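Right, one structure below, let's go through it.
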Amino acid sequence: MAEMTYAEAIRDGMRQEMKRDRNVYLYGEDVGIFGGCFGVTAGLFQEFGPERVIDTPITETAIAGSAVGAAAAGLRPIAEIMFVDFMGVCMDEILNQAAKMRYMFGGKAKLPMVIRTPCGAGFSAAAQHSQTLEAWFTHIPGLKVVMPGTAADGKGLMEAAIRDDNPVIFIEHKVLLGAKGEVPEGEYLVPIGKADIKREGTDVTIVAWSLMLSKALAAAESLAQEGISAEVLDPRSLVPLDKEAILNSVKKTGKLVIVHEAVRTSGFGGEIAAIVADEGFDLLDAPIKRVTAPDTPIPFSPVLESAYIPSEEKIIKAVKELF
Amino acid sequence: MAEMTYAEAIRDGMRQEMKRDRNVYLYGEDVGIFGGCFGVTAGLFQEFGPERVIDTPITETAIAGSAVGAAAAGLRPIAEIMFVDFMGVCMDEILNQAAKMRYMFGGKAKLPMVIRTPCGAGFSAAAQHSQTLEAWFTHIPGLKVVMPGTAADGKGLMEAAIRDDNPVIFIEHKVLLGAKGEVPEGEYLVPIGKADIKREGTDVTIVAWSLMLSKALAAAESLAQEGISAEVLDPRSLVPLDKEAILNSVKKTGKLVIVHEAVRTSGFGGEIAAIVADEGFDLLDAPIKRVTAPDTPIPFSPVLESAYIPSEEKIIKAVKELF
Amino acid sequence: MEPTKDQLLDIFKTMSTIRAFESKAVELFAAGKLPGFVHLYLGEEAVATGVCANLTIKDYITSTHRGHGHLIAKGGKIDLMMAELFGKKTGYCKGKGGSMHIADVDLGILGANGIVGAGQPISVGAAFACKYRKTDSVTVCFFGDGASNRGTFHESLNMASVWKLPVIFVAENNMYGISNSQKTSMNVADIADRAAAYGIPGVAVDGNDVIAVFEAASEAVKRARRGDGPTLIECKTWRWRGHFEGDPSVYKKPEDQESWLKKDPIPRLEAKLVDLKYATQPELDKIKSEIKAQVEDAVKFAEESALPDIEDVLTDVYAN
Amino acid sequence: MEPTKDQLLDIFKTMSTIRAFESKAVELFAAGKLPGFVHLYLGEEAVATGVCANLTIKDYITSTHRGHGHLIAKGGKIDLMMAELFGKKTGYCKGKGGSMHIADVDLGILGANGIVGAGQPISVGAAFACKYRKTDSVTVCFFGDGASNRGTFHESLNMASVWKLPVIFVAENNMYGISNSQKTSMNVADIADRAAAYGIPGVAVDGNDVIAVFEAASEAVKRARRGDGPTLIECKTWRWRGHFEGDPSVYKKPEDQESWLKKDPIPRLEAKLVDLKYATQPELDKIKSEIKAQVEDAVKFAEESALPDIEDVLTDVYAN
Ligand SMILES: Cc1ncc(C[n+]2csc(CCOP(=O)(O)OP(=O)(O)O)c2C)c(N)n1
Ligand SMILES: Cc1ncc(C[n+]2csc(CCOP(=O)(O)OP(=O)(O)O)c2C)c(N)n1
Ligand SMILES: [Mg+2]
Ligand SMILES: [Mg+2]
């Protein structure tokens, strides 16, 4: 184990796989010398050279589309889209090409590609640089959607994503990049599709991912002091979703609160709530609560932005409404 | 009242508003002489001339982006995107420009624009020409999302959408285009944000929109013969959503089935289920069921496609599971 | 480089196969046997054929919604194609893709594509893979005049150029994007002129003259294999049919249609073959009737094949 | 057309205002007073100013993430801008937008924009509106060398050209898109050469020579007002600072930076003004210090302004 930041851990995951498999390469805007807009790829250019760490022109459509072609032709690209907010520029490549090619071709193509992209508010980067858009990708069959909330999961899920033979949307959180954690050294794989109970509890299940995981854990600590034992479950990947883990937890607690940073309407919290309101209806003894951003674009001014982002306090409040 | 098809009714809605307001114009790929890929705009070129009914090059990005610019400069564009499947090409314009401009500018812009686009399977048009993607748009604050299920609503909502000062995504269903209904003549407005109970009932609430409305109504007929009285509620617009109407109906029936043609995961059904599992939890006496397409791309072969699309039988089956 | 005798005879066979396949599709569609949209390549056979005659199985192509011709020219099997058009289990995509999604990755065919312009960045990626692996394989990207206006065109040609990728962009200018004349969709006479914006060669050729197409492609393929980067080739041609089967093409002028029908690339090639004494007309006619018989066999295969099983809806979404 | 004396003096004031505003922003950012990303226009003042000197309040512009210069040149108020940078309620966007989203629709400023290239199709729409209404207003679209590679560039120039819209595309070639040199991002020396792909005039000028910029823009604006359609103007310039404040620009060569700093457009204009006897150096210096005082006032206004109310998070999403 080594202490590393989330950014270092993700970078280490990429490095492990790039050393292991020459078919893996990394490209995107300013990922080379510049080291990526948030420094996540720093040093990889120096380590692997200009053939395997490649700067692109500002052309998200060509980045994502060429990842599809390269993967279909046998490489394993890791493409970076500088902010998840820019995914709109290449949604066709993701929606209609990456996700569907295998199915449309009757199973006769494999698309081992990872699209890495950072999400999240917290830097006063305003409405076009702070979004959290995972729900879109979960609505596209054929993709896997991964959102690590800790450094170790960042590394392990990155390695798993690179080895996966399907297109994986790998969403990093900007605010987490500097967060430290213990991370296994060398090869380390976290299976995609397996949730992790980050804190055990008996009274209420809180499902939270990415940055919201840490807020949920903090809220759980406070709640413990008030005698409420919260279980905090991190799905880690939204597609595939470890539905059983969620239902098992709700079976134990009878109560469910879902937390995400994305706007409320049609966020992935709705999907989880819907699954539980169907398959876990009899397990529930209280309404399902969601703690989310409001249905607005993200405001710039720090005072507004911090009112916008779901907070520990809001999670505590939502949990208490159930008791 | 006049009998018209859904396509004629929508066209009539556009025509009414184009006659009323010279700032309204229509453009898109092949909307002119060709009359649109599905004939919805047929005759408008002849009636309003080449200045107001305009063919574009194959450039969805420029179509959507220029609608934003034209609306900001005071026109009221109706832009057609030939299939909702192509929206990925212009998602940035929708996500980051149309939807957010007003908020980012501190309320100092108005964007009265309609993007019309057809959705839906049923013609063996395969995975890239058959999707139903409303959930994406509902996850973007700043947009309104309208999906008429009848000819009259098609006309009335089109007129309301054109008069609305916000960007409206207006999603037509390809299979409905030829469906006939009674439609009011002359100016006709259906308010955006008001659900319509298309069939009253007491035992179960079925929420369904677009093409699925007619399947839900047919299912309700069959269920009536088996002694189950289903209320069928058409939200008509998903954003804003008439939440009260849904909760009121569930209050009466205690049971909820949601039907949509989009794939299951993160479809808008999840949002409705989540709202009811929170705010209507105490009204429910059974799990919330969703009837949706499976989480796969849309297959080509008619035998596969008809197994894919949610059917009357599947709705009936889901309802019966609650009794 | 001029095509050899063998190449030219092969070209003739390929063009005739496309012609026969597409003519049959017209019939089958009219008879209600083909579900979905069908976009035919009739009249444009010289383009795909002249280009693909320069490729091997290790090269890649990306195709379009109007893909049958490209697929046949790159070696696609007409029985599996036909079965796919019928939506049968034995089709190239097990009936899941249909006309717009036929692919044969083993033959380097990265798929027809229902999204106009989508093949452009995909071709860049495939070409990148060839260069990355240090093979001398190339990728050909077919697309229409309409697709030349999409943002993907710009981003793809730019990326291919700055990375000197082995890709040949083939603009099939059949003068229309559905109902929109190329003349009103862009303000340049030759799409090939757009190559200058990327610092790559651009060449416009008569797309109904298969030898001209072959020669231009031969140059471009050599250049790409040498590592000198992409070329844009524009082939001027004409779509004989409507945009899709069922489109009456009201937007076309009858006199244009008539004059282009006279420029049929197949008789033109036949005359050349006879002229060069590579074959006699009766020999050519015999080949054509053999090909027609093969197409009939493909139809028989398709008709006799089983429909997909309902459970197949759920498979092939993910690998593993 | 050459600028008149009054025009040239106005140009001087505008450039000096941009310079003072941006220099202040450097300080304020370093002092931790400006939240978020700040992309500065220092060194590029001649571009926005030379172009906008040809516009009236009825004309439109679209801007970029590096927008302060464009906004000031189009008449944007520096106090409201500064308050916005501070995230204050009195700012142009009530603190909701910040540097990348400042707009003043009444002045025809359709917004800075955080999405590279996004202004291009928006400018086409605004120009369409002017033509549709039969006014003689024009729209100027500012964007960078990096943005010239985006698909939006291609689709927008093509659409503007086929519809002969009154739009002037101004490519600000400051040689970098973040860390990427223009030379490695495109395979043409002059972005202006790309105009040929759309059948429109393209002209490259020294973007640090405000008179050259003015003259090129003057031609293009006249052409657009006449109904003759769009022009692409490339202005070669240099970004003095990092991409955003905080970027140490390791990717730039120090000698390039040095040589470009010597080409500072403001002293160059001052020399010209003195030379033409339009003003004396002391007069110019006086104007500059007045402007600096105005910027200080703007900072004071911003600092003393109230923060937004928390409830404002929820307003302004929808009209009505
Ligand atoms: C992104 C996108 N926009 C629009 C369409 C609808 N569409 C299908 S084919 C076509 C015309 C294509 O024209 P061109 O590229 O010239 O090819 P051609 O059909 O002439 O072979 C259009 C507009 C589409 N499939 N994808
Ligand atoms: C679509 C999109 N891709 C990437 C970015 C990130 N980004 C912001 S500015 C920038 C560089 C822009 O370069 P250029 O167009 O030359 O403008 P400059 O910054 O030099 O003024 C990049 C890549 C973005 N904001 N939007
Ligand atoms: Mg064409
Ligand atoms: Mg630049």
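Being a predicted model, the structure only gives us computed values, none of them experimental.
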Exercise. D:Y251 versus A:D30: any side-chain heavy-atom pair under 4.5 Å?
Worked result: no
Problem set entry | Atom group of D:L34 that falls short of 4.5 Å from chain A, counting heavy atoms | neither
Problem set entry | Segment of D:F244 engaging chain A (4.5 angstrom heavy-atom cut-off) | side chain
Problem set entry | Under 3.5 Å donor-acceptor, D:N149 side chain and A:P57 backbone | no
For this session: Under the side chain to side chain contact (heavy atoms under 4.5 Å, CB included) rule, what do A:F86 and D:V116 come out as? Steps first, then yes or no, please.
Result: CA-CA 9 Å; A:F86 310 158; D:V116 168; over 6 Å; no
Problem set entry | Heavy-atom pair with the smallest gap, counting every atom of A:D55 and D:N180 | CB-OD1, 3.3 Å
Exercise. Does anything in residues 114-124 of chain A get under 4.5 Å of chain D by heavy atoms, and if so which residues?
Worked result: A:F123, A:S124
Problem set entry | NE2-CD distance between D:H101 and A:Q128, expressed to the nearest 0.5 angstrom | 4.0 Å
Problem set entry | Residue pair D:S185 / A:I58, side-chain heavy-atom distance below 4.5 Å | no
For this session: Heavy-atom distances under 4.5 Å only: say whether D:D247 touches chain A with side chain, backbone, both or neither.
Result: side chain
Problem set entry | Heavy-atom proximity to chain A below 4.5 Å, by part of D:Q182 | neither
For this session: Starting at NE2 of A:H129, measure out to CD1 of D:I115 and round the result to the nearest 0.5 Å.
Result: 5.5 Å
Seminar exercise, completed: Against chain D, residues from residues 298-314 of chain A with at least one heavy atom under 4.5 Å, in numeric order, are A:I298, A:P299, A:F300, A:S301, A:P302, A:V303, A:L304, A:A307, A:Y308
Exercise. Where do D:V313 and A:T296 land on the side chain to side chain contact (heavy atoms under 4.5 Å, CB included) test, with the steps shown first?
Worked result: CA-CA 7 Å; D:V313 169; A:T296 76; 4.1 Å; yes
